[in-house]
Amino acid sequence: MCGFAVYTGSDLQVKLQFGHEAYNIKHRGPDNTLMQDLPRGWMAFHRLSIMDTSDAGNQPFVANEVYLTCNGEIYNSPALRARYSSYPFKSGSDCECILPLLADKGLIEMARELDGEFALVIYDKKQDKFLAARDPIGIRGMFYGKTADGDICFASEMKALSEICQTVMPFPPGHVFDGEKFVQYTDMTATPNGYNTDDEETICHKIHDLLTEGVIKRLQSDVPVGFLLSGGLDSSLVCAIAARHLKKPIRTFAVGIEDGPIDTKYARQVADYIGSEHTEVLFTKDDIFNSLSHLIYLTETFDITTIRASIGMYLVCKYIREKTDIKVLLTGEISDELFGYKYTDYAPSAEAFQEEAAKRVRELYMYDVLRADRCISGCSLEARVPFGDLAFVHYVMSIDPERKLNKVGIGKRLLRKSFEGDLLPYDILYREKAAFSDAVGHSSVDYIKQFAEKYYTDAEFEERRKKYDHVPPITKESLLYREIFESHFPGRSAVIKDFWMPNKEWENCNVNDPSARVLPNYGASGK
């Protein structure tokens, strides 16, 4: 995980201010900072050393008057290095392979061939042109904005742009910027040839093999790797696959609130089964309120679900950063968007399920993926997301959604069936889902809701929520988050499209709280 900020103009005063603002994202790369003056514009790069930790891996990389800064992990880097073996590589960094690929294929085909998680900016001196690209899902953070003079700027987080740019927006995932306009180079949700015709046995084999490959390729690192383990299906699968492949104890971490953690006992059960070196991190009510404003600053959101789920993730990552030598964390995000949540049990048809899944995947960069990036990078660690493996996502989205509907009383049936055997205990493999914000302990969210209820009278809530035209607060809790957000980023709410909520048009889903606890089918989740 690294951080960059790029200014494309020539105003000296703006450049100096931009250099100052770039330090707002120093947390993304505490190991080294480089400021690169360009013939036009300027680049700042904060490095978290993961692959080739020597100075040779510092950025920007330069070749033939082309400058590259990239926050990413390129998992097909070995194959690309072999293809371009005549290129004079100067480092062992996985990102350096982007330069010969760009020279050979051009910007769009370069982006299509990269297998990884990336956000990058390129300056081509010969053409005096800035180019940029973001991975298909948006796992790595990236924003763009324009100054008063109309010069475009790029940065890993909004906080490096907010004081300089008149407008700031997320760089759209799966797009490149060709120097003049944004061009979409891929759509992870598209099925142009229709759904695949594989039978269920073949589907399960492919799910198993593609996810396994997605985990294994994300174990590449020149620094220690750890795993977030909630005890739920998704993170348990990632940990179990890694432990089996590495054939040695991995280091796992679970988090919960001290007065009633829910998932820590399940995480311990998984850890004991796979033989991991396991740590439980428990936080207090005071920890929630002491960290809330800083957390919203880090995550750059006012979304209810994202903030709730960020509390536990941020606090466990903070512990890992302070108490261990780990610099890379594997997580279980994105499985829900592909295979379904509790609320998708109410999808009125298979096509409605597919449309909802596609919408969620397209918007991941504003919600779950944003949470993982900011909570982990905010603690100077790197996030890797195996369920976001491009081949895996493409395949799962091509499965006939009729097969993904919950017709047997438990969600994610195909994923569970794909890993039947001895990888995990049966009662973990078929355990009902609890949302992460609930799984750290119901009291975690309840404390915030109780505080907000006392902090605002009903009249104050109705009056103060009217200040916001874009995504107005729907509860006192959401008003609390929004006011903290506005204190850090006034007038920047457009970076979040809406609240992450169940599809209100579906039966039982017209709710004002995103927790699965409010749904009739919550069942044994979180117990």
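Values below: all heavy atoms of this structure, side chains included; hydrogens, waters and symmetry mates excluded.
- Side-chain N/O atoms of Ser230 and Ser235 include a donor and acceptor closer than 3.5 Å.
- Separation of atoms CD1 (Ile257) and CG (Leu315) is listed at 9.5 Å; rounding is to 0.5 Å.
- For the pair Met188/Met397, no side-chain contact is recorded, criterion being any heavy-atom separation below 4.5 Å from C-beta on.
- Considering Glu382, Glu73, Glu117 in turn, Glu117 is the only one that fulfils the salt bridge (charged side-chain N to carboxylate O under 4.0 Å, His left out) rule with Arg218.
- With hydrogens and angles ignored, the 3.5 Å screen pairs a side-chain donor or acceptor of Arg416 with a backbone N or O of Arg431.
- The distance from the NE2 atom of His294 to the CD1 atom of Ile484 is 13.0 Å, given to the nearest 0.5 Å.
- Thr147 contributes a side-chain N or O that, together with a main-chain N or O of Asp151, makes up a donor-acceptor pair within less than 3.5 Å.
- With ring centers used as reference points, Phe171 lies under 6.0 Å from Phe182.
- Taken from SG in Cys153 to NZ in Lys146, the straight-line distance is 10.5 Å, to the nearest 0.5 Å.
- Within the 3.5 Å criterion, the main-chain N or O of Gly145 finds no donor-acceptor partner in the side chain of Thr167.
- Counting only distance, with no hydrogens or angles, the side chain of Asp11 and the backbone of Val14 share a donor-acceptor pair below 3.5 Å.
- With contacts defined as side-chain heavy-atom distances shorter than 4.5 Å, the pair Leu414/Ile399 qualifies.
- Sorted by first then second residue, the salt bridge (charged side-chain N to carboxylate O under 4.0 Å, His left out) pairs that include residues 343-357, not counting sequence neighbours, are Glu356-Arg360.
- Contact check on Glu453 versus Lys476 returns a salt bridge, with a Lys/Arg side-chain nitrogen under 4.0 Å from an Asp/Glu carboxylate oxygen.
- Side-chain contact between Leu282 and Pro261: present, with at least one pair of heavy atoms (C-beta onward) separated by less than 4.5 Å.
- Considering only heavy atoms from C-beta on, Leu298 stays 4.5 Å or farther from Cys375 through its side chain.
- Contacts of Thr299 classified as side chain to side chain donor-acceptor pair (under 3.5 Å), with partners at least two apart in sequence or in another chain: none.
- Residues Asp187 and Thr189 have side chains that bring a donor and an acceptor to within less than 3.5 angstrom of each other.
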- request: Could you give me the CA-CA distance, side-chain angles and deciding distance for Tyr456 and Glu483, then say whether side-chain hydrogen bond (donor to acceptor under 3.5 Å, both in side chains) is met?
  value: CA-CA 12 Å; Tyr456 304 105; Glu483 292 191 335; 2.8 Å; yes
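- Contact annotation: the side chain of Pro170 never approaches that of Met142 to less than 4.5 Å [non-hydrogen atoms, C-beta and beyond].
- A cation-pi arrangement is absent between Arg251 and Phe227 under the rule of less than 6.0 angstrom and at most 45 degrees off the ring axis.
- Residue Lys504 places its NZ atom among more than 12 non-hydrogen atoms of other residues, nucleotides or ligands, all under 6.0 Å distant.
- His175 places no side-chain N or O within 3.5 Å of a backbone atom of Asp135 that could act as its donor or acceptor partner.
- Side chains of His27 and Ser380: no donor on one and acceptor on the other come within 3.5 Å.
- Ser377 and Arg28 form a side-chain donor-acceptor contact under 3.5 Å, judged by distance and modelled atom types alone.
- A salt bridge is defined here as a Lys NZ or Arg NE, NH1 or NH2 lying under 4.0 Å from an Asp or Glu carboxylate O, and Arg517 with Asp446 meets this definition.
- Distance check: Asn32 CG to His46 NE2 gives 10.5 Å after rounding to the nearest 0.5 Å.
- Taking CG of Asp259 as the start and OG1 of Thr284 as the end, the distance is 9.0 Å to the nearest 0.5 Å.
- Using a 4.5 Å heavy-atom threshold, the side chains of Val328 and Leu330 count as touching.
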Output a table of donor-acceptor pairs, distance under 3.5 Å, between side-chain atoms of residues 17-24 and any protein atom two or more places apart or on a different chain; print 'none' if there are none.
from: Glu21; atom 1: OE1; to: Asn24; atom 2: ND2; distance (Å): 2.9
from: Asn24; atom 1: ND2; to: Glu21; atom 2: O; distance (Å): 3.4
from: Asn24; atom 1: ND2; to: Lys159; atom 2: O; distance (Å): 3.0

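- Side-chain atoms of Arg140 never come within 3.5 Å of backbone atoms of Asp373 as a donor-acceptor pair (strictly under, hydrogens ignored).
- Heavy atoms from other residues, nucleotides or ligands lying under 6.0 Å from NZ of Lys318 number 12 at most.
- Side-chain atoms of Tyr367 and Asp498 form no donor-acceptor pair, as typed in the model, at a separation below 3.5 Å.
- Residue Lys26 qualifies as enclosed at atom NZ: its count of foreign heavy atoms under 6.0 Å is above 12.
- For the pair Glu300 (side chain) and Met158 (backbone), a donor-acceptor distance under 3.5 Å is present.
- Between Phe143 and Phe154, the distance from one ring center to the other does not fall under 6.0 angstrom.
- Listed for the Asn508 side chain is no donor-acceptor partner under 3.5 Å among the backbone atoms of Tyr346.
- Taking the six-membered ring for Trp, Trp500 and Tyr343 have ring centres closer than 6.0 Å.
- With respect to Arg308 and Asp303, no salt bridge is recorded, no charged nitrogen being found less than 4.0 Å from a carboxylate O.
- The number of heavy atoms from other shown groups lying within 6.0 Å of CD (Glu460) is above 12.
- Within the cation-pi definition used here (under 6.0 Å to the ring centroid, within 45° of the axis), Lys285 qualifies as a partner of Tyr447.
- Side-chain contact check for Ser162 and Arg492: at least one donor-acceptor pair (N or O, by modelled atom type) lies under 3.5 Å.
- Between His488 and Ser293, some side-chain heavy-atom pair lies under the 4.5 Å cut-off.
- Cation-pi geometry between Arg482 and Phe302 is met: the NZ or CZ atom falls under 6.0 Å from the ring centre, inside 45° of the normal.
- The CZ atom of Phe177 lies 9.5 Å from the OH atom of Tyr144; values are rounded to the nearest 0.5 Å.
- Annotation: Phe485 is in aromatic contact with Phe489 [ring centroid separation under 6.0 Å].
- Side-chain N or O atoms of Thr344 include none that pairs as donor or acceptor with a backbone N or O of Ala347 at under 3.5 Å.
- Heavy atoms of other residues, nucleotides or ligands lying less than 6.0 angstrom from OH of Tyr455 number 12 at most.
- Using a 4.5 Å cut-off on side-chain heavy atoms (C-beta onward), Leu329 and Ile320 make contact.
- When atom types are taken as modelled, the side chain of Glu333 and the backbone of Gly388 share no donor-acceptor pair closer than 3.5 angstrom.
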